[in-house]
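Taking it in order: structure first as C-alpha coordinates, then the write-up.
Predicted model, so just to flag it, every value in this text is computed and none were measured. Counting begins at 1 with the first residue of the sequence.
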Amino acid sequence: MAADGESLREGHNVEYFTLPARSLLNRCTGVRMPFTWTINPYRGCEFACKYCYARYTHEFMEMRDGVDFERKIYVKQHAADLLRRDLRKVKPGEEIALGTATDPYQPAERRYEVTRAILEEMSRHRGLEVGIVTKSTLILRDAELLSELARNNQLFVNITITTLDADRARILEPRAPRPDLRMDVVRKLNLAGVAAGVICAPVLPGITDAPKDLEAVVKATAEAGGKYIFANPLFLKPCSAAVFLPFLEMEFPQLVETYRKRFESRSFLSSSYRKRISELMATLRRKYKIVNSYERYSKKSHPALQTDDQMPLF
(Lines give C-alpha, C1' and ligand atoms only; values in the text may rest on other atoms or scores of the structure.)
Protein backbone atom coordinates (compact mmCIF):
# COMPACT_ATOMS: atom_id res chain seq x y z
CA MET A 1 0.00 0.00 0.00
CA ALA A 2 2.91 2.34 0.72
CA ALA A 3 4.26 1.68 -2.76
CA ASP A 4 0.99 3.02 -4.17
CA GLY A 5 1.22 6.21 -2.13
CA GLU A 6 1.07 9.50 -4.00
CA SER A 7 3.86 12.02 -3.52
CA LEU A 8 2.42 15.11 -1.80
CA ARG A 9 5.34 17.51 -1.64
CA GLU A 10 9.02 17.83 -0.83
CA GLY A 11 11.01 20.24 1.32
CA HIS A 12 13.95 20.43 3.73
CA ASN A 13 15.19 17.02 2.54
CA VAL A 14 11.83 15.54 3.52
CA GLU A 15 9.34 13.91 1.14
CA TYR A 16 5.67 13.40 1.96
CA PHE A 17 3.50 10.61 0.61
CA THR A 18 -0.07 9.47 1.05
CA LEU A 19 -0.53 6.14 2.80
CA PRO A 20 -3.77 4.28 2.13
CA ALA A 21 -4.86 2.43 5.28
CA ARG A 22 -7.38 -0.32 5.94
CA SER A 23 -7.56 0.46 9.65
CA LEU A 24 -6.35 3.16 12.01
CA LEU A 25 -6.46 1.30 15.34
CA ASN A 26 -3.78 -1.33 15.79
CA ARG A 27 -4.14 -3.93 18.51
CA CYS A 28 -1.02 -4.10 20.64
CA THR A 29 0.07 -7.65 21.37
CA GLY A 30 3.42 -6.98 23.05
CA VAL A 31 3.55 -8.31 26.60
CA ARG A 32 5.53 -5.27 27.76
CA MET A 33 2.96 -2.82 26.48
CA PRO A 34 0.38 -1.41 28.92
CA PHE A 35 -2.12 -0.27 26.31
CA THR A 36 -4.46 -2.28 24.12
CA TRP A 37 -4.59 -0.09 21.02
CA THR A 38 -2.20 2.22 19.21
CA ILE A 39 -2.74 4.96 16.65
CA ASN A 40 0.03 6.43 14.54
CA PRO A 41 -1.27 9.13 12.18
CA TYR A 42 1.96 9.12 10.20
CA ARG A 43 4.71 6.70 9.23
CA GLY A 44 8.10 8.23 9.89
CA CYS A 45 9.00 11.30 11.94
CA GLU A 46 10.72 14.51 10.92
CA PHE A 47 12.19 15.24 14.35
CA ALA A 48 15.10 12.92 13.49
CA CYS A 49 15.92 11.91 17.07
CA LYS A 50 19.15 9.97 16.85
CA TYR A 51 18.05 7.32 19.34
CA CYS A 52 14.56 6.69 17.95
CA TYR A 53 13.46 3.07 18.37
CA ALA A 54 10.64 3.36 15.81
CA ARG A 55 12.86 3.33 12.72
CA TYR A 56 11.98 -0.34 12.30
CA THR A 57 8.49 0.65 11.10
CA HIS A 58 9.90 1.72 7.74
CA GLU A 59 11.37 -1.75 7.33
CA PHE A 60 7.80 -3.01 6.99
CA MET A 61 7.72 -0.98 3.79
CA GLU A 62 10.99 -2.50 2.51
CA MET A 63 13.01 0.60 3.42
CA ARG A 64 16.26 -0.56 5.01
CA ASP A 65 18.05 2.76 5.30
CA GLY A 66 17.31 4.03 8.81
CA VAL A 67 17.51 7.63 7.67
CA ASP A 68 14.46 7.12 5.44
CA PHE A 69 12.37 7.18 8.62
CA GLU A 70 12.99 10.91 9.00
CA ARG A 71 13.09 11.80 5.30
CA LYS A 72 10.11 9.92 3.88
CA ILE A 73 6.94 10.73 5.81
CA TYR A 74 3.73 8.86 5.02
CA VAL A 75 0.41 10.55 5.76
CA LYS A 76 -2.46 8.19 6.55
CA GLN A 77 -5.60 8.84 4.57
CA HIS A 78 -9.26 9.03 5.74
CA ALA A 79 -8.21 8.77 9.39
CA ALA A 80 -11.42 10.07 10.96
CA ASP A 81 -13.63 7.76 8.91
CA LEU A 82 -11.49 4.76 9.73
CA LEU A 83 -11.43 5.62 13.43
CA ARG A 84 -15.20 6.05 13.59
CA ARG A 85 -15.53 2.46 12.43
CA ASP A 86 -12.62 1.09 14.47
CA LEU A 87 -13.74 2.55 17.81
CA ARG A 88 -16.55 0.00 17.89
CA LYS A 89 -13.87 -2.59 18.72
CA VAL A 90 -12.65 -0.75 21.83
CA LYS A 91 -13.97 -2.14 25.11
CA PRO A 92 -14.22 -0.20 28.39
CA GLY A 93 -10.86 0.00 30.12
CA GLU A 94 -8.82 -0.54 26.95
CA GLU A 95 -6.38 2.33 26.56
CA ILE A 96 -5.58 3.93 23.21
CA ALA A 97 -2.04 5.26 22.83
CA LEU A 98 -1.60 7.97 20.20
CA GLY A 99 1.94 8.43 18.92
CA THR A 100 3.82 5.27 19.85
CA ALA A 101 5.89 5.01 16.65
CA THR A 102 5.73 8.56 15.33
CA ASP A 103 5.17 12.02 16.76
CA PRO A 104 1.54 12.89 16.06
CA TYR A 105 2.41 16.60 16.17
CA GLN A 106 5.50 16.57 13.98
CA PRO A 107 5.74 19.38 11.35
CA ALA A 108 3.61 17.42 8.86
CA GLU A 109 0.63 17.78 11.20
CA ARG A 110 0.58 21.55 10.72
CA ARG A 111 -0.32 20.99 7.08
CA TYR A 112 -2.24 17.70 7.01
CA GLU A 113 -4.08 17.81 10.40
CA VAL A 114 -4.51 14.05 10.63
CA THR A 115 -4.07 14.08 14.41
CA ARG A 116 -6.62 16.86 14.80
CA ALA A 117 -9.15 14.88 12.76
CA ILE A 118 -8.56 11.89 15.04
CA LEU A 119 -9.10 13.96 18.19
CA GLU A 120 -12.23 15.53 16.76
CA GLU A 121 -13.67 12.06 16.21
CA MET A 122 -12.66 10.91 19.70
CA SER A 123 -14.30 13.96 21.26
CA ARG A 124 -17.65 12.72 19.96
CA HIS A 125 -17.36 9.64 22.18
CA ARG A 126 -17.50 8.99 25.92
CA GLY A 127 -15.52 6.71 28.21
CA LEU A 128 -12.35 6.40 26.15
CA GLU A 129 -8.92 6.18 27.79
CA VAL A 130 -6.41 8.05 25.66
CA GLY A 131 -2.72 8.80 26.07
CA ILE A 132 -0.81 11.08 23.70
CA VAL A 133 2.99 11.16 23.37
CA THR A 134 4.72 14.12 21.73
CA LYS A 135 7.72 16.43 21.79
CA SER A 136 5.92 19.13 19.84
CA THR A 137 4.63 22.53 20.88
CA LEU A 138 2.10 22.25 18.05
CA ILE A 139 -0.17 20.36 20.44
CA LEU A 140 -1.12 23.73 21.96
CA ARG A 141 -3.01 24.45 18.75
CA ASP A 142 -5.49 21.81 19.91
CA ALA A 143 -5.68 22.81 23.58
CA GLU A 144 -9.37 23.63 23.38
CA LEU A 145 -10.13 20.39 21.54
CA LEU A 146 -8.15 18.41 24.11
CA SER A 147 -10.11 20.05 26.92
CA GLU A 148 -13.32 19.05 25.19
CA LEU A 149 -12.07 15.47 24.77
CA ALA A 150 -11.06 15.30 28.44
CA ARG A 151 -14.55 16.26 29.65
CA ASN A 152 -16.05 12.88 28.80
CA ASN A 153 -12.93 10.72 28.50
CA GLN A 154 -9.75 9.90 30.39
CA LEU A 155 -6.92 11.83 28.74
CA PHE A 156 -3.24 12.23 29.52
CA VAL A 157 -0.68 14.10 27.45
CA ASN A 158 2.86 12.83 27.82
CA ILE A 159 5.53 15.37 26.82
CA THR A 160 8.89 13.78 26.13
CA ILE A 161 11.89 15.67 27.49
CA THR A 162 15.26 13.92 27.57
CA THR A 163 17.31 16.83 28.90
CA LEU A 164 16.93 20.53 29.70
CA ASP A 165 20.33 21.25 28.14
CA ALA A 166 19.28 22.96 24.89
CA ASP A 167 22.63 22.38 23.17
CA ARG A 168 22.61 18.69 23.99
CA ALA A 169 18.99 18.37 22.95
CA ARG A 170 19.77 19.98 19.60
CA ILE A 171 22.41 17.33 18.95
CA LEU A 172 20.19 14.44 20.03
CA GLU A 173 16.88 15.71 18.61
CA PRO A 174 17.91 18.08 15.81
CA ARG A 175 14.45 19.08 14.58
CA ALA A 176 12.41 18.91 17.79
CA PRO A 177 11.38 22.03 19.76
CA ARG A 178 13.69 23.23 22.53
CA PRO A 179 13.19 21.45 25.87
CA ASP A 180 12.18 24.64 27.69
CA LEU A 181 9.41 25.16 25.15
CA ARG A 182 8.21 21.61 25.70
CA MET A 183 8.14 22.15 29.45
CA ASP A 184 6.05 25.26 28.85
CA VAL A 185 3.57 23.01 27.01
CA VAL A 186 3.21 20.97 30.21
CA ARG A 187 2.41 24.14 32.13
CA LYS A 188 -0.06 25.52 29.59
CA LEU A 189 -1.93 22.25 29.12
CA ASN A 190 -2.41 21.77 32.85
CA LEU A 191 -3.64 25.36 33.15
CA ALA A 192 -6.12 24.55 30.38
CA GLY A 193 -7.42 21.58 32.37
CA VAL A 194 -5.62 18.92 30.33
CA ALA A 195 -3.63 16.52 32.51
CA ALA A 196 -0.03 16.52 31.31
CA GLY A 197 3.23 15.10 32.61
CA VAL A 198 6.76 14.38 31.46
CA ILE A 199 8.39 11.29 30.08
CA CYS A 200 12.15 11.53 30.45
CA ALA A 201 13.05 9.05 27.77
CA PRO A 202 15.29 7.70 26.73
CA VAL A 203 17.85 8.12 29.50
CA LEU A 204 21.21 7.87 27.73
CA PRO A 205 24.19 6.55 29.73
CA GLY A 206 26.98 9.10 29.92
CA ILE A 207 24.92 11.71 28.05
CA THR A 208 21.72 12.52 29.94
CA ASP A 209 21.85 10.29 33.03
CA ALA A 210 23.86 12.45 35.45
CA PRO A 211 21.85 12.89 38.68
CA LYS A 212 22.04 16.69 38.41
CA ASP A 213 20.63 16.56 34.87
CA LEU A 214 17.75 14.28 35.81
CA GLU A 215 17.07 16.40 38.88
CA ALA A 216 16.82 19.49 36.68
CA VAL A 217 14.09 17.83 34.61
CA VAL A 218 12.17 16.69 37.69
CA LYS A 219 12.41 20.14 39.31
CA ALA A 220 11.20 21.87 36.15
CA THR A 221 8.32 19.39 35.86
CA ALA A 222 7.22 20.21 39.40
CA GLU A 223 7.43 23.94 38.71
CA ALA A 224 5.36 23.48 35.54
CA GLY A 225 2.63 21.66 37.46
CA GLY A 226 3.31 18.32 35.76
CA LYS A 227 1.10 15.53 37.06
CA TYR A 228 3.92 12.98 36.95
CA ILE A 229 7.36 12.27 35.60
CA PHE A 230 8.83 8.92 34.66
CA ALA A 231 12.11 7.87 33.10
CA ASN A 232 12.96 5.07 30.74
CA PRO A 233 16.51 4.05 29.77
CA LEU A 234 17.57 3.65 26.16
CA PHE A 235 16.06 0.83 24.11
CA LEU A 236 18.30 0.23 21.09
CA LYS A 237 17.09 -2.08 18.33
CA PRO A 238 19.57 -3.01 15.57
CA CYS A 239 17.88 -0.73 13.04
CA SER A 240 18.23 2.16 15.47
CA ALA A 241 21.81 1.26 16.39
CA ALA A 242 22.70 1.60 12.70
CA VAL A 243 21.95 5.32 13.02
CA PHE A 244 22.78 5.90 16.69
CA LEU A 245 26.26 4.35 16.86
CA PRO A 246 27.68 6.37 13.93
CA PHE A 247 26.17 9.43 15.62
CA LEU A 248 28.02 8.53 18.82
CA GLU A 249 31.28 8.17 16.90
CA MET A 250 30.87 11.73 15.68
CA GLU A 251 29.52 13.46 18.79
CA PHE A 252 30.54 11.26 21.76
CA PRO A 253 33.44 9.09 20.53
CA GLN A 254 34.56 8.29 24.08
CA LEU A 255 31.28 6.42 24.67
CA VAL A 256 31.20 4.25 21.55
CA GLU A 257 32.94 1.21 22.98
CA THR A 258 30.86 1.29 26.15
CA TYR A 259 27.63 1.35 24.15
CA ARG A 260 28.78 -1.45 21.86
CA LYS A 261 29.43 -3.68 24.86
CA ARG A 262 26.19 -2.76 26.60
CA PHE A 263 24.05 -3.49 23.54
CA GLU A 264 26.14 -6.24 22.01
CA SER A 265 23.63 -9.00 22.60
CA ARG A 266 20.47 -7.23 23.72
CA SER A 267 18.34 -4.15 23.08
CA PHE A 268 17.83 -3.20 26.74
CA LEU A 269 20.25 -1.87 29.32
CA SER A 270 21.02 -4.06 32.33
CA SER A 271 18.49 -4.52 35.11
CA SER A 272 20.97 -2.95 37.57
CA TYR A 273 21.13 0.22 35.47
CA ARG A 274 17.36 0.38 35.16
CA LYS A 275 17.00 -0.12 38.90
CA ARG A 276 19.46 2.69 39.63
CA ILE A 277 17.58 5.13 37.42
CA SER A 278 14.27 3.98 38.90
CA GLU A 279 15.40 4.57 42.47
CA LEU A 280 16.91 7.95 41.62
CA MET A 281 13.69 9.12 39.96
CA ALA A 282 11.60 7.95 42.92
CA THR A 283 13.85 9.94 45.26
CA LEU A 284 13.62 13.04 43.09
CA ARG A 285 9.83 12.83 42.83
CA ARG A 286 9.61 12.73 46.62
CA LYS A 287 12.03 15.66 46.94
CA TYR A 288 10.00 17.85 44.61
CA LYS A 289 6.66 16.60 45.89
CA ILE A 290 5.35 15.30 42.61
CA VAL A 291 2.48 13.42 44.18
CA ASN A 292 0.74 11.58 41.42
CA SER A 293 -2.92 12.53 41.63
CA TYR A 294 -3.55 10.15 38.76
CA GLU A 295 -1.72 7.19 40.23
CA ARG A 296 -4.01 4.46 38.94
CA TYR A 297 -3.96 5.74 35.39
CA SER A 298 -0.26 6.54 35.33
CA LYS A 299 0.77 3.16 36.66
CA LYS A 300 -1.37 1.57 34.02
CA SER A 301 0.20 3.75 31.34
CA HIS A 302 3.71 3.32 32.66
CA PRO A 303 3.96 -0.06 34.41
CA ALA A 304 6.99 -1.62 36.00
CA LEU A 305 9.65 -3.18 33.82
CA GLN A 306 11.46 -5.31 36.41
CA THR A 307 11.69 -2.17 38.58
CA ASP A 308 9.16 0.16 40.14
CA ASP A 309 9.65 3.02 37.74
CA GLN A 310 10.50 1.79 34.28
CA MET A 311 8.22 2.17 31.28
CA PRO A 312 8.37 -0.15 28.30
CA LEU A 313 7.59 2.50 25.73
CA PHE A 314 6.49 5.93 26.93
Side-chain angles (χ1 to χ4, degrees), residues 2 5 8-9 11 14 16-26 28 35-49 52 54 57-58 69-70 72-87 90 95-125 128-160 173 175-177 181-182 185-186 188-189 192-197 199 301 313-314:
L8 293 170
R9 68 184 179 97
V14 178
Y16 302 89
F17 303 89
T18 60
L19 181 61
R22 298 188 184 95
S23 178
L24 196 68
L25 273 180
N26 299 295
C28 184
F35 35 78
T36 308
W37 303 96
T38 65
I39 297 176
N40 289 292
Y42 303 92
R43 274 283 182 94
C45 182
E46 296 176 64
F47 285 154
C49 301
C52 183
T57 59
H58 263 41
F69 181 78
E70 63 205 47
K72 297 182 185 294
I73 309 300
Y74 287 81
V75 182
K76 293 187 178 179
Q77 303 295 289
H78 312 298
D81 293 337
L82 290 171
L83 182 61
R84 188 175 305 118
R85 181 201 65 194
D86 289 350
L87 283 175
V90 179
E95 183 184 343
I96 302 170
L98 177 59
T100 57
T102 188
D103 195 306
Y105 282 100
Q106 62 179 290
E109 170 63 16
R110 191 179 302 277
R111 181 182 182 95
Y112 301 112
E113 296 191 341
V114 181
T115 300
R116 183 172 179 85
I118 289 168
L119 296 176
E120 286 175 341
E121 179 58 35
M122 286 181 168
S123 69
R124 299 185 179 100
H125 298 260
L128 299 176
E129 295 191 14
V130 181
I132 301 173
V133 186
T134 183
K135 289 182 173 75
S136 181
T137 56
L138 181 58
I139 192 171
L140 291 175
R141 177 200 68 186
D142 294 340
E144 185 175 340
L145 176 57
L146 292 167
S147 296
E148 181 182 344
L149 173 61
R151 275 197 286 273
N152 296 312
N153 301 278
Q154 183 84 276
L155 173 66
F156 269 69
V157 175
N158 306 281
I159 303 299
T160 304
E173 306 152 349
R175 298 181 202 149
L181 298 179
R182 289 181 240 169
V185 170
V186 175
K188 288 178 177 176
L189 286 178
V194 177
I199 298 171
S301 296
L313 178 61
F314 286 146

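Taking all atoms of both residues into account, the shortest heavy-atom contact from A79 to I118 is CB-CG1, 4.0 Å. The nearest pair of heavy atoms linking I132 to P104 is CG2-CG, 4.2 Å. Closest heavy-atom contact between A54 and A101: CB-O, 3.5 Å. Across every non-hydrogen atom of T38 and C28, the tightest pair is CG2-CB, 4.3 Å. Counting all heavy atoms, side chain and backbone alike, T115 lies closest to E109 at N-OE1, 2.9 Å. The nearest pair of heavy atoms linking L145 to S123 is CD1-OG, 4.0 Å.
With sequence neighbours excluded, no residue forms a side-chain hydrogen bond (donor to acceptor under 3.5 Å, both in side chains) with S136. Qualifying side-chain contact (heavy atoms from CB on, under 4.5 Å) partners for A48, counting only residues two or more places apart in sequence or in other chains: E70, P174, R175. Taking the side-chain contact (heavy atoms from CB on, under 4.5 Å) definition, one finds that N153 meets it with L128, L149, sequence neighbours left out. In this structure E144 satisfies the side-chain hydrogen bond (donor to acceptor under 3.5 Å, both in side chains) test with no other residue, sequence neighbours excluded. Legend: residues meeting side-chain contact (heavy atoms from CB on, under 4.5 Å) with A150, ordered by chain and number and at least two apart, are L155. Residues passing the side-chain hydrogen bond (donor to acceptor under 3.5 Å, both in side chains) test with E173 are Y51, T162, R182, sequence neighbours excluded. Among residues two or more places apart in sequence or in another chain, the salt bridge (charged side-chain N to carboxylate O under 4.0 Å, His left out) test is passed with R84 by D81, E121. By the side-chain hydrogen bond (donor to acceptor under 3.5 Å, both in side chains) test, D142 pairs with Y105, R116, sequence neighbours left out.
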Worked verdict on Y42 versus D103 for side chain to side chain contact (heavy atoms under 4.5 Å, CB included): CA-CA 8 Å; Y42 303 92; D103 195 306; over 6 Å; no
Worked check of side chain to side chain contact (heavy atoms under 4.5 Å, CB included) between E46 and Y16: CA-CA 10 Å; E46 296 176 64; Y16 302 89; 2.7 Å; yes
Residue pair Q106, I73: steps toward the side chain to side chain contact (heavy atoms under 4.5 Å, CB included) verdict: CA-CA 10 Å; Q106 62 179 290; I73 309 300; 3.8 Å; yes
Worked check of side chain to side chain contact (heavy atoms under 4.5 Å, CB included) between R141 and E113: CA-CA 11 Å; R141 177 200 68 186; E113 296 191 341; 3.7 Å; yes
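In this structure, CH2 in W37 is found 9.0 Å from CG in N26, a value given to the nearest 0.5 Å. The CE atom of M122 sits 6.0 Å away from atom CG of L87, with the distance rounded to the nearest 0.5 Å. The NZ atom of K72 lies 14.0 Å from the CG atom of L19; values are rounded to the nearest 0.5 Å. Going from atom CG of L25 over to atom OG1 of T36 covers 10.5 Å, rounded to the nearest 0.5 Å. Rounded to the nearest 0.5 angstrom, L83 CG and R124 CZ are separated by 10.0 Å. For the atom pair OG of S23 and CG of D86, the computed distance is 3.5 Å after rounding to the nearest 0.5 Å.
In this structure, T134 and V185 have side chains that are not in contact, with every pair of non-hydrogen atoms separated by 4.5 Å or more.
Shown here is R110, whose CZ atom has no more than 12 heavy atoms of other residues, nucleotides or ligands within 6.0 Å.
Between F17 and Y74, the angle of the ring planes stays under 30°, which puts this pair in the parallel group of the 30/60° scheme.
No side-chain donor-acceptor contact under 3.5 Å links N40 and T102.
Each of T100, V130, L98 was compared with I39 under the side chain to side chain contact (heavy atoms under 4.5 Å, CB included) criterion, and only L98 meets it.
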